[in-house]
**Q** 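Next up is a structure, given as structure tokens.
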Amino acid sequence: MNVVNKPLASLDGKALMMGRPAYTDDFALPQSLVVKVLRSPHPFAKIVSIDCIEARALPGVATVLTHQDFKRIAFTRAGQGYPEPSPHDKFVLDAYVRYVGDEVAIVAAVDLQTAEAAVAAIRVQYELLPPVLDMETAVDNPSVLHPEPEACEMFPIGFEPKRNIAAGYKMNVGDVEAVLKTCEVVVKQTYHTTAQAHVAMETHAANAHFDHQNRLVIHATTQTPVHVRRIISQALEYPIANIRVIKPRVGGGFGGKQAIAAEIIVAAVAIKTGMPCRYVFTRKEVFEASYSRHPMKIEMTLGAMKDGTLKAIDCQVLSDTGAYGEHALTVFMVTGSKVLPLYNKVEAVRFAGTVVYTNHTPAGAFRGYGAIQGNFALESAIDELCVELQCDPLAFRRKNMMREGETSPIFAIMGEGTEGTAMTMDTCKLPFCVDRGAELCDWAHNHPRRIIAKNRVRAVGMAIAMQGSGIPLIDMAAATVKLNDDGFYNLLIGATDIGQKSDTILAQIAAEALGTTLDKIVVTSSDTDVTPFDTGAYASSTTYVSGNAVLKAATKMKETLIAEAAIVLGTTRDQVAFDGTTFVAETGRLSLKDLSNRLFYNHDQKQLSVTESFCGHKSPPPFMAGFATVEVDLETGEVELIDYASVVDCGTTINPKLAQGQVEGGIVQGIGMTLFEDPIYGKDGKTVNNDLLSYKIPTRLEIKKLTTEFAISYEESGPFGAKSVAEIGIDTPPAALANAIYSAVGVRIRTLPITPEKIWRGMQLRAGKQEESK
Amino acid sequence: MIVNVDVNGRLRSFDVLPGAFLLDVLREAGYTSVRRGCDSTSCGICTVLVDGKPVPSCSYLAIRAEGKKVTTVEGIPDEAARLARHFGEEGADQCGYCNPSLALAVYALKQINPGASDDEIRVWLVGNLCRCSGYQSQLVAIKRYLEERP
């Protein structure tokens, strides 16, 4: 391969470094109205009255919109395929507010100062309702978040709004209770994960204007342009053919920009006023009023025999979706479907749970998407079981984990809110990943612990993980390859580059298939008027699903070119060889440049353009093993991360350096969730740490060393052997770090984040118990 | 009120409100490379150089820049391109939103400490957050850039 599997520089890196206009707000028209939103200060309230007279009278105020200005249409902002597996429980504006940050009124004015003054001038009378602020008390709470008759499910998802249940599901393989009774060792523990914030560096933003054809043009920080177009049309009853959604460069997404946020607000303002407008979320708005990760309580029960055979897994989940049910069901299902198959040899496995509404900021899609929560519980519990069995964690995993050529019944049972898709693991290099990771962290020497100095121990801990490559039989991606004069190509893709550099790797796939170089591929993504359909950047779909569409389109373009060259050379297609620049046959030679110019200007003129689509029949999981090496201070409980070694099987890396970036970015985001990021809700339902001063993401100081390697692997169904790699990196740090810290100091932390305080308290408790037993 | 600032070697006069911050003034004047990442001087995305020193323009009053030299990444295109080449080789660029501010901060470091150690680079850039890269590839690229002689 000449282009694929090469660490080429990204297509846009240089221009972005040089500060070229590229991101959403860079494209707002200069005369745009500035949009601000009045947000609820209460977690749950009925709006009794809104007085906008003073606000509307301020000079420079173009419009003030309240729930009285919108027809009551229930929809979901989730940004998923249609029909969505998320409940339709949101209104553009409503007479009820359901979390601190919920939209009350929308203001548009000539400048920011006027817009802020208008927001401050709106007088709202609230009737406060008792909020539900604890997911444990949500079900059958007398306070019901969504009693409205419009709220509905598109198909059965276990939606019981009168009980505050957004979604529910259960499944079982075999009889878990019966098998557990036959097990010699049973471990049952409960784990808690947090409402992690995405913290993409670019906050959510959108702008809208009407173009020369009076069509509504929206630039937005979105991962899902075609879903944005559809949802806006539905919620505002505006003709979908009159909406154009353009995704420019996006400053990070991580799932937080899958659901819509600012888009529908600027669309509403533009439609109401006819004027261009722009809306940029403040960082506080992103924390309070976009989306978080679903916090979960996971009860994990494992049953095994003394010889180290894992026989049963029972996983019971309670998930908090906050005030609206975006991704409620599907994130929760992934907690089972992309976690439990790791141990596919069990006799029985059960998965069940409930996703509840609370008066918290809505949870939504976030890299890892349920798998990171489930992985923390399962991979922590596996190590806890190994302690009981006195078994080496590596040996236990080698004995019980998924291997190549095997399957799990879970794949056929659990899908994205529906039935799943049976599949066999054609590639699964987990054994290599575990062995190589153990070498990289010097497991033999460092496990379980080593005294480094007085009051300082070093230890290693590990976890294995799997993810997916798109949603089979649902996610579709299309790509268009268009020939230009002089012999270069346009690659038009609906796939949305949100900073993961998918434009570059998809161009690499096209260039490889066409036998050309990257400079001959001009990529456009994504513009709903210009680029073909693609469900968007989520579910680790782009490399595998969009990549396969690009491969099909480029391959067909090559065949089309050979057919045209054969006509010119007076021979048949099978007699023509094409190396990407020159057609060679016994009858003569022809350059691509000459063929292109001939087709455009001279003979038999035509535009060659190919569009191909791909929808996967399976979702081959990438796998990895993550190994954390930590040092813990025995006096303070402080953890220093010495190295995080990752060995990943994602098939062929289309661009090894960019794949490494995906893994390491995910690892550090996972480290953040495990050690630093501690989203706190006050008793009043407010997010306490809603800025980057008080919500700590990892800085450069905490990341001393990352070691990242890839297994040699070739997935036949993927483009040039590739699987996807966007999410797998984030899954292992919570369990690997928890396991390493347990090995270091004997303290098992089951509630994230793992702070020095929790470790210190655990050490004190342990010391006390040891004292007692003396 | 009018504030006179040398932006990237060109004298500019801006009519600003007394409370206006440099970030908003520069963006409105078309310097789109200067971007906002937070509201609390915590992320470094809005970094510009004032008389050669990195400052967060989101909290730097525009009137303080009177008579000073302000540099945005548009003012150091060759340096940005050099850093970009190393970022490209290491796959360190990802979403790119923080990259112009990082280029300015690293350029400023190169003026005073081109031989900076790994830890010195980490400390210098502790206020420049990145959520994409995991930092390590950026560290390698930044070291290569610092070591490079023009």
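So that the names make sense, note that chain A is the first sequence line, chain B the second, and so on, each numbered from 1. A quick note: this is a predicted structure, and the numbers were derived from the prediction, not measured.
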**Q** For each of B:Gly37, B:Ser33, B:Ala81, tally heavy-atom pairs with chain A at distances under 4.5 Å, and name the one with the top tally.
**A**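 Greatest number of close heavy-atom pairs with chain A: B:Gly37.
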**Q** Between chain B and each of A:Ala15, A:Gly253, A:Gly19, count heavy-atom pairs under 4.5 Å; write down the option with the most.
**A**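 Top option by heavy-atom pairs under 4.5 Å: A:Gly19.
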**Q** Considering non-hydrogen atoms only, spot the tightest contact between B:Gly134 and A:Val668 and give its length.
**A**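 Here B:Gly134 and A:Val668 meet closest at CA-CG2, 3.5 Å.
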**Q** Restricting to non-hydrogen atoms, name the atom on A:Thr699 and the atom on B:Val126 that form the minimum distance, rounded to 0.1 Å.
**A**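 Minimum heavy-atom contact is OG1-CG2, 3.8 Å.
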**Q** Sort A:Gln662 into side chain, backbone, both or neither according to what part of it lies under 4.5 angstrom from a heavy atom of chain B.
**A**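 When you check distances to chain B, atoms from both the backbone and side chain of A:Gln662 fall under 4.5 Å.
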**Q** Just so I understand: if I count every heavy-atom pair under 4.5 Å between each of A:Lys705, A:Gln669, A:Arg20 and chain B, which residue has the most?
**A**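 That would be A:Gln669.
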**Q** Could you check whether any side-chain N or O of B:Asp39 sits under 3.5 Å from a backbone N or O of A:Arg283, counting only pairs where one atom can act as donor and the other as acceptor?
**A**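 Confirmed, B:Asp39 side chain pairs with A:Arg283 backbone.
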**Q** Would you confirm whether A:Lys657, through its side chain, and B:Glu90, through its main-chain N or O, come within 3.5 Å as a donor-acceptor pair?
**A**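 Checked: no pair found.
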**Q** Looking at every non-hydrogen atom in both residues, tell me the closest pair between A:Gly13 and B:Ala84 and how far apart they are.
**A**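 Where A:Gly13 meets B:Ala84 most closely, the heavy atoms are O-CB, 4.3 Å.
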**Q** Using non-hydrogen atoms only, which part of B:Val34 is less than 4.5 Å away from chain A: side chain, backbone, both, or neither?
**A**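 Contact with chain A involves no heavy atom of B:Val34 at all.
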**Q** For the CZ atom of B:Arg131 and the CG atom of A:Leu692, what is their distance to the nearest 0.5 Å?
**A**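 Output value for this atom pair is 9.0 Å.
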**Q** Could you tell me the separation between the CG atom of B:Leu139 and the CD1 atom of A:Ile703, rounded to the nearest 0.5 Å?
**A**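 The distance works out to 11.5 Å.
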**Q** Heavy-atom pairs under 4.5 Å with chain B: which of A:His198, A:Lys284, A:Arg249 has the most?
**A**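 When all of A:His198, A:Lys284, A:Arg249 are compared, A:His198 has the most.
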**Q** How long is the straight-line distance from CG of A:Asp691 back to OG of B:Ser40, given to the nearest 0.5 Å?
**A**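 It is 4.5 Å, given to the nearest 0.5 Å.
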**Q** Verify, without hydrogens or angle tests, whether B:Tyr135 (side chain) and A:Pro698 (backbone) share a donor-acceptor contact under 3.5 angstrom.
**A**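 Checked: pair present.
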**Q** Considering only heavy atoms from C-beta outward, does the side chain of A:Thr203 approach that of B:Arg36 to under 4.5 Å?
**A**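 Heavy-atom side-chain distance check fails, nothing below 4.5 Å.
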**Q** With only heavy atoms counted, which part of B:Leu83 is less than 4.5 Å from chain A, the side chain, the backbone, both or neither?
**A**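 For B:Leu83, backbone and side chain are both near chain A.
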**Q** Tell me, side chain or backbone of B:Gln94 under 4.5 Å from chain A's heavy atoms, or both, or neither?
**A**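 Its backbone and side chain both get close to chain A.
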**Q** To the nearest 0.5 Å, tell me how far B:Asp93 CG sits from A:Thr504 OG1.
**A**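 Separation between the atoms: 8.0 Å.
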**Q** Do the side chains of A:Ser10 and B:Phe87 get nearer than 4.5 Å, heavy atoms only?
**A**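 When only atoms from C-beta onward are counted, A:Ser10 and B:Phe87 do not touch, as no gap falls below 4.5 Å.
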**Q** What distance separates B:Glu79 CD from A:Met18 CE, expressed to the nearest 0.5 Å?
**A**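 One finds 11.0 Å between CD of B:Glu79 and CE of A:Met18.
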**Q** How about NZ on B:Lys69, more than 12 heavy atoms from neighbouring residues, nucleotides or ligands closer than 6.0 Å, or not?
**A**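 Not more than 12 within 6.0 Å, no.
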**Q** Who wins among B:Pro77, B:Gly30, B:Cys130 for the most heavy-atom pairs under 4.5 Å with chain A?
**A**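 Heavy-atom pairs under 4.5 Å are most numerous for B:Pro77.
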**Q** Check whether any side-chain heavy atom of B:Arg35 sits under 4.5 Å from a side-chain heavy atom of A:Glu202, and report yes or no.
**A**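 No. Closest side-chain heavy atoms not under 4.5 Å.
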**Q** Below 4.5 Å from any heavy atom of chain A, which atoms of B:Ile76 appear? Answer side chain, backbone, both or neither.
**A**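 Contact with chain A: none, neither part.
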**Q** Heavy-atom pairs under 4.5 Å with chain B - which of A:Glu664, A:Gln500, A:Lys501 has more of them than the others?
**A**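 If we count pairs closer than 4.5 Å to chain B, A:Lys501 comes out on top.
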**Q** Heavy-atom cut-off 4.5 Å, strictly under: side chain, backbone, both or neither for B:Gln138 against chain A?
**A**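 When you check distances to chain A, only side chain atoms of B:Gln138 fall under 4.5 Å.
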**Q** Can you tell me how far SG of B:Cys95 sits from OH of A:Tyr23, rounded to the nearest 0.5 angstrom?
**A**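 Answer rounded to 0.5 Å: 5.0 Å.
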**Q** Does B:Leu129 reach the side chain of A:Ile697, with side-chain heavy atoms less than 4.5 Å apart?
**A**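 They are in contact (side-chain heavy atoms under 4.5 Å apart), so the answer is yes.
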**Q** Could you look at A:Phe281 and say if it's the side chain, the backbone, both or neither that has a heavy atom under 4.5 Å from chain B?
**A**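 The answer is neither part of A:Phe281.
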**Q** So, the side chain of B:Gln136 versus the backbone of A:Leu706: is there a donor-acceptor pair under 3.5 Å, distance only?
**A**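 Checked: pair present.
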**Q** Less than 4.5 Å to any heavy atom of chain B: does that hold for the side chain of A:Lys14, its backbone, both, or neither?
**A**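 Contact with chain B involves both backbone and side-chain atoms of A:Lys14.
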**Q** Do B:Arg27 and A:Asp25 come close enough that some side-chain heavy atom pair is under 4.5 Å?
**A**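 In short, these two side chains touch, coming nearer than 4.5 Å.
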**Q** If you count heavy-atom pairs under 4.5 Å between each of A:Thr282, A:Asn655, A:Leu658, A:Thr708 and chain B, which one has the most?
**A**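 With the most close heavy-atom pairs to chain B, the winner is A:Thr282.
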**Q** If I compare all heavy atoms of A:Met201 with all of B:Cys43, which pair ends up nearest, and what's the gap?
**A**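 Looks like SD-CB, 4.4 Å.
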**Q** Backbone N or O of B:Asn128 within a donor-acceptor pair of the A:Arg700 side chain at under 3.5 Å?
**A**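 Confirmed, A:Arg700 side chain pairs with B:Asn128 backbone.
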**Q** Using non-hydrogen atoms only, which part of A:Val250 is less than 4.5 Å away from chain B: side chain, backbone, both, or neither?
**A**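 The backbone, not the side chain.
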